[in-house]
Amino acid sequence: MKAGLGQLRRARRRFFGVGRGVSELFEALAEIRFSPRFRGVRWLSAVALLLLAVQLVTGVLLSLYQYPAPGAAYDSTRHLTGELATGWLIRSVHHWAGELLVAAVAVHVLATFVRRAYRRPREIVWVVGVLLFPAVLAARFTGPLLRWDTIAFDAARAGLDVLANVPVIGSLAAQWLRGGQDLGANTLSRFFATHVLILPWLLSALLALHLWLVRRHGLSEDEA
Amino acid sequence: MIVLIRHDADPRAVEDFLDAVRARGLKVVPLEDRRGRAFDVVGPGTDALFEMRDSPAVAGILARRLPPGPGEPLWPHGVLRLAIGALLLLAILVLLSAFFPPGLGDRADLEAPPPPRSSVEWYLRPVAALLDLAPAPFPGILVLALWLAFLLWPFLDRAPAGSARARLVVRVVGAFAAALAALLATGALG
């Protein structure tokens, strides 16, 4: 039996061609414990992480067909939705993952607050997490206008008006996103650049920092 | 190398000790479920820890690993759970996408009149409703102040762990904020 297992192990190593690397990876994974504190609403953090991954993958696929110019943006969305196989599905999954991501992050932040999981030494974990929330909202806000239809156009215009009424951060962001006196080609370029280039990197950086800090400090004790 | 912390150690002394350990290029991993009372120290040159055992924070140093704490191993149990959860979530996403696909309106018209406030998407409605409460700029300042207070809350709440008063405050604030946001987002409060 032992000889059989040894042969199997050697065959696996030959198959992967990486010596002991794969075996060591599984051994190392078995050493890590899945914390018993990771239960209940804490699962929302994993849900949010997966939704963000879905957003990145579907977003890259959508960007292959989306044009950031007022005339072409609408046509490319129609082409993507009506003519490309599974194009409607990718767009739809991207939309729903975005909606659920906002809800998951909001509930995760609220649950962390109610559990007082922000206490020393996790203050910076909280600050980074709370900064992630407006970044997720910004990603959700800048996405729909890229299809350049009346629904998204009205929502963007009304949203920018709301943003402009929040002093300093809001008004500056609204001014920058609008790219002029009113919505137009510049606005679409700004929304596209923010949604496709700036926010994915910003979100990834903040998320990496958040996860690193969580790993460093461990999960907090439950106060709820 | 496992470092055991004295049960009556001053938290600042513990932090100073851990900072000194990290300054030697060693990695400090808190052992979960030992309530900050034991740390796994890994990296080259852990023997240097024995020179630091006179620290007022240290109860003892063990040269071998403690038995694993409670909880399932990440492989295969945890990975299996995560995989099942991920598949469920993906199934929900595909079902929502198939039955409720997002619409596509007419081509945007740059000359169209400004839209009503109700065109704001659901996640911005609580802020939009707060902004409508009073003439500018006061509601905007209020929104910014609320957000900053929320961001810096850990530095405002310095009550010790398990404080019944602090727990009551966060529960009341959390429930109020959640209810208000839900009512405003759904338009129940106009």
Side-chain angles (χ1 to χ4, degrees), chain A residues 26 29-37 43 46-47 50-51 54 70 74 77-78 81 88-89 91-93 95-97 102 110 113-114 116 118-119 123 126-127 130-131 137 140-141 147-155 157-159 162 165-170 183-184 217-219 221 223, chain B residues 30 32-33 35 68-75 77-79 81-82 85-86 89 93-94 96-98 101-110 112 114-117 119-121 123-124 127-128 131 136-137 139-141 143-144 150-151 153-155 157 161-162 166-167 170-171 174 177-178:
Chain A
F26 285 114
L29 282 176
E31 288 253 317
I32 301 171
R33 296 272 143 177
F34 204 71
S35 171
R37 287 181 187 168
W43 271 92
V47 167
L50 182 68
L51 288 170
V54 170
Y74 183 74
T77 309
R78 278 191 70 162
T81 310
W88 68 272
L89 182 64
R91 186 175 152 237
S92 197
V93 168
H95 166 83
W96 277 109
V102 171
L110 193 66
F113 177 75
V114 171
R116 294 184 72 218
Y118 49 72
R119 282 180 294 106
E123 296 99 327
W126 167 264
V127 169
V130 173
L131 288 175
L137 285 183
R140 181 71 193 85
F141 176 65
R147 64 180 192 248
W148 204 250
D149 70 342
T150 44
I151 305 166
F153 190 77
D154 285 353
R157 197 183 246 179
V162 168
N165 281 313
V166 178
V168 195
I169 306 169
L183 270 71
H217 294 299
L219 296 178
E221 280 183 66
E223 267 209 33
Chain B
E32 278 194 26
D33 301 292
R35 301 178 181 219
E72 295 169 333
L74 187 61
W75 175 260
H77 307 72
V79 171
R81 266 196 201 203
L82 287 170
L89 185 63
L93 272 179
V94 170
L96 280 171
S97 304
L104 183 65
D106 296 328
R107 192 185 296 271
D109 178 10
L110 292 175
R117 251 304 145 77
S119 307
V120 173
E121 296 226 37
Y123 49 84
L124 283 178
V127 177
L131 291 173
I141 294 169
V143 167
L144 190 65
F150 196 57
L151 181 74
W153 187 264
F155 305 100
D157 173 12
R167 201 159 50 193
V170 292
R171 281 184 184 182

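Below, chain A is the first sequence line, B the second, and so on; all start at residue 1. Please read all numbers here as calculations on a predicted model, not as lab measurements.
When all heavy atoms of Gly105(B) and Tyr74(A) are compared, the closest pair comes out as O-OH, 2.7 Å. Residues Gly174(B) and Val114(A) share a closest heavy-atom pair of CA-CG2, 4.2 Å. Scanning both residues, Arg116(A) and Ala166(B), for their nearest heavy atoms gives CZ-CB, 3.4 Å. A pairwise comparison of heavy atoms in Val162(A) and Leu131(B) identifies O-CD1, 3.3 Å as the closest pair. Of all heavy-atom pairs spanning Ser92(A) and Pro102(B), the tightest one is OG-CD, 3.2 Å.
Both the backbone and the side chain of Trp96(A) come within less than 4.5 Å of a heavy atom in chain B. Looking at Trp88(A), only its side chain comes within 4.5 Å of chain B, counting heavy atoms on both sides. If you measure heavy-atom distances from Leu151(B) to chain A, the contacts under 4.5 Å come from both the backbone and the side chain. For Val127(A), the parts lying near chain B are the backbone and the side chain together; criterion is any non-hydrogen pair under 4.5 Å. Proximity to chain B (any heavy atom under 4.5 Å) is shown, for Tyr118(A), by both the backbone and the side chain. Contact annotation for Asp109(B): only backbone heavy atoms (N, CA, C, O) come within less than 4.5 Å of a heavy atom of chain A.
Atom CZ of Arg107(B) is surrounded by more than 12 heavy atoms from other residues, nucleotides or ligands within 6.0 Å.
Considering only heavy atoms from C-beta on, Trp148(A) stays 4.5 Å or farther from Leu104(B) through its side chain. Here the side chains of Leu93(B) and Leu51(A) are in contact, with some heavy-atom distance below 4.5 Å.
Contact tally against chain B (heavy-atom pairs below 4.5 Å) for Pro167(A), Pro70(A), Ala155(A): the top residue is Pro167(A). Interface check for chain A: of the options Leu89(B), Val94(B), Ile141(B), the most heavy-atom pairs under 4.5 Å are formed by Leu89(B). Taking chain A as the reference chain and counting heavy-atom pairs below 4.5 Å, the highest number among Val127(B), Leu124(B), Leu144(B), Val143(B) is found for Leu144(B).
Partners of Asp149(A) by salt bridge (charged side-chain N to carboxylate O under 4.0 Å, His left out), not counting sequence neighbours, listed by chain and number: Arg147(A). Every residue two or more places apart in sequence or in another chain that forms a salt bridge (charged side-chain N to carboxylate O under 4.0 Å, His left out) with Arg140(A) is listed here: Glu99(A), Glu121(B).
Using bins of under 30°, 30° to 60° and over 60° for the plane-to-plane angle, the ring pair Phe150(B)/Phe113(A) lands in the tilted bin.
Between Arg157(A) atom CZ and Leu110(B) atom CG the span is 8.0 Å, to the nearest 0.5 Å.
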